[in-house]
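The chains referred to below are lettered A, B, ... by the order of the sequence lines, with proteins before strands, and numbering in each begins at 1. Hydrogens, waters and symmetry mates play no part in the numbers below; they use all other heavy atoms, side chains included.
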2 protein chains.
Amino acid sequence: MALADPTRRRIVEMLGEGALAAGEITARFEVSAPAISQHLKVLKAAGLVTVEVSGQRRIYRLDPAGLDAFEAWVRQVRGFWHASLGRLEQELANPEKDEGVV
Amino acid sequence: MALADPTRRRIVEMLGEGALAAGEITARFEVSAPAISQHLKVLKAAGLVTVEVSGQRRIYRLDPAGLDAFEAWVRQVRGFWHASLGRLEQELANPEKDEGVV
DNA sequence: TTTGCATTGACTTAATTAAGTGGATAAAGA
DNA sequence: TCTTTATCCACTTAATTAAGTCAATGCAAA
């Protein structure tokens, strides 16, 4: 699950504030550049983010469609209309049948 | 010309002592890893070195055939049997018709 | 129960590709 | 003769791919 990892959730939160280049995301963490690159790959494969190539840079943005799908999943699983990453944390700590979601 | 650059000539000299991984070559210079990678690419395209992939490493070695061709070129240009990199330096400082060689 | 083994996932290191910069050189026109 | 313009070429930064480590998890056999 793309959002099962706390680092990836933090990336999604960051992108919620606005688009960022891969290097800007890396700078906000203490792990290596390849580690972030790999997380971004997972998020992209899950349809949660998009990339725009801008010269040497790769600009990452949240993908509204992917977030919609994610929100729908949260509604289904929890019965809430407004998902918070805090509650999601609880959910993910006790995974039942989350297969194939986002 | 692959051997026109002093960095590349130093790489060839180093490999004369024995095979080295790309990273070991990089460590012996003060330029970035991509810069060395690019030099190695030129040397490989010129047939002067070979690469062996060994797990995560790329082992670079002199290619005897390429060196033979180079030696033949030096003989032709200078009329000497034993080329020295020092004399080559002189030659390359005043290039006349070195096209297509090595 | 427990032991052993295969799988998964986040991470690192090694190396490269891609894109852009800056300096030197050469050719061409005023 | 200048000057300008174009082209190389070595280099850097940005980002990635590939390969391997390590710890946690799951699970089947003893």
Side-chain angles (χ1 to χ4, degrees), chain A residues 1-15 19-46 48-61 88-89 92-102, chain B residues 1-15 19-46 48-61 89 91-102:
Chain A
M1 228 283 266
L3 288 166
D5 183 78
T7 299
R8 284 198 290 270
R9 286 199 294 276
R10 283 180 58 202
I11 292 174
V12 167
E13 289 181 288
M14 281 177 188
L15 294 179
L20 290 171
E24 292 172 319
I25 299 171
T26 299
R28 287 166 167 75
F29 289 90
E30 299 208 324
V31 298
S32 67
I36 297 301
S37 182
Q38 287 155 20
H39 282 309
L40 290 170
K41 192 176 179 180
V42 171
L43 290 173
K44 195 176 142 227
L48 287 165
V49 304
T50 59
V51 208
E52 176 208 345
V53 177
S54 170
Q56 234 168 336
R57 309 266 176 106
R58 310 290 157 97
I59 312 298
Y60 284 87
R61 291 187 173 77
L88 178 64
E89 189 85 44
L92 291 169
N94 180 26
E96 286 126 30
K97 44 209 292 294
D98 305 342
E99 297 312 319
V101 178
V102 176
Chain B
M1 225 284 264
L3 287 166
D5 183 79
T7 300
R8 284 198 290 270
R9 284 199 296 275
R10 282 181 59 202
I11 293 174
V12 168
E13 288 181 288
M14 282 176 190
L15 294 179
L20 290 171
E24 293 173 321
I25 299 170
T26 298
R28 286 165 166 76
F29 290 89
E30 299 207 324
V31 297
S32 67
I36 297 302
S37 181
Q38 287 155 19
H39 282 310
L40 290 170
K41 191 175 180 181
V42 171
L43 289 173
K44 196 177 142 227
L48 286 165
V49 303
T50 60
V51 207
E52 176 207 344
V53 177
S54 170
Q56 234 168 337
R57 308 267 177 106
R58 310 290 158 95
I59 312 297
Y60 285 86
R61 289 188 174 77
E89 189 86 44
E91 166 62 22
L92 291 169
N94 180 26
E96 287 126 29
K97 44 205 293 289
D98 304 343
E99 297 312 322
V101 179
V102 175

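By the side-chain contact (heavy atoms from CB on, under 4.5 Å) test, B:Gln56 is found to be paired with no residue, residues two or more places apart in sequence or in another chain being considered.
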List, one per line, each side-chain donor-acceptor pair under 3.5 Å for residues 27-39 of chain A, sequence neighbours excluded.
residue : atom : partner : partner atom : Å
A:Arg28 : NH1  : A:Glu24 : O            : 3.1
A:Ser32 : OG   : A:Ala35 : N            : 3.4
A:His39 : ND1  : A:Arg8  : NH1          : 3.0

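Computed from coordinates, the A:Lys41 NZ to C:dA10 P distance equals 13 Å when rounded to whole Å. For B:Leu43 and D:dC9, the CG to C1' distance is 15 Å, given to the nearest whole Å.
The main-chain N or O of B:Ala4 is found under 3.5 Å from a side-chain atom of B:Arg9 such that the two form a donor-acceptor pair.
For A:Ala2 against A:Leu48, the heavy-atom pair with the smallest separation is CB-CD1, 3.9 Å.
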Any N/O pairs under 3.5 Å between the protein and nucleotides 10-16 of chain D? List them or say none.
residue : atom : partner : partner atom : Å
D:dA10  : OP1  : B:Arg8  : NH2          : 3.3
D:dA10  : OP2  : B:Arg8  : NH1          : 3.4
D:dC11  : OP2  : B:His39 : NE2          : 2.4
D:dT12  : OP2  : B:Ser32 : N            : 3.0
D:dT12  : OP2  : B:Ser32 : OG           : 2.8
D:dT12  : O4   : B:Gln38 : NE2          : 3.0
D:dT13  : O2   : A:Gln56 : NE2          : 2.2
D:dA15  : OP1  : A:Arg58 : N            : 3.3
D:dA15  : OP2  : A:Gly23 : N            : 2.6
D:dT16  : OP1  : A:Tyr60 : OH           : 2.5
D:dT16  : OP2  : A:Ser37 : OG           : 3.2
D:dT16  : O5'  : A:Ser37 : OG           : 3.2

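In this structure, A:Leu20 and A:Ile11 have side chains that are not in contact, with every pair of non-hydrogen atoms separated by 4.5 Å or more.
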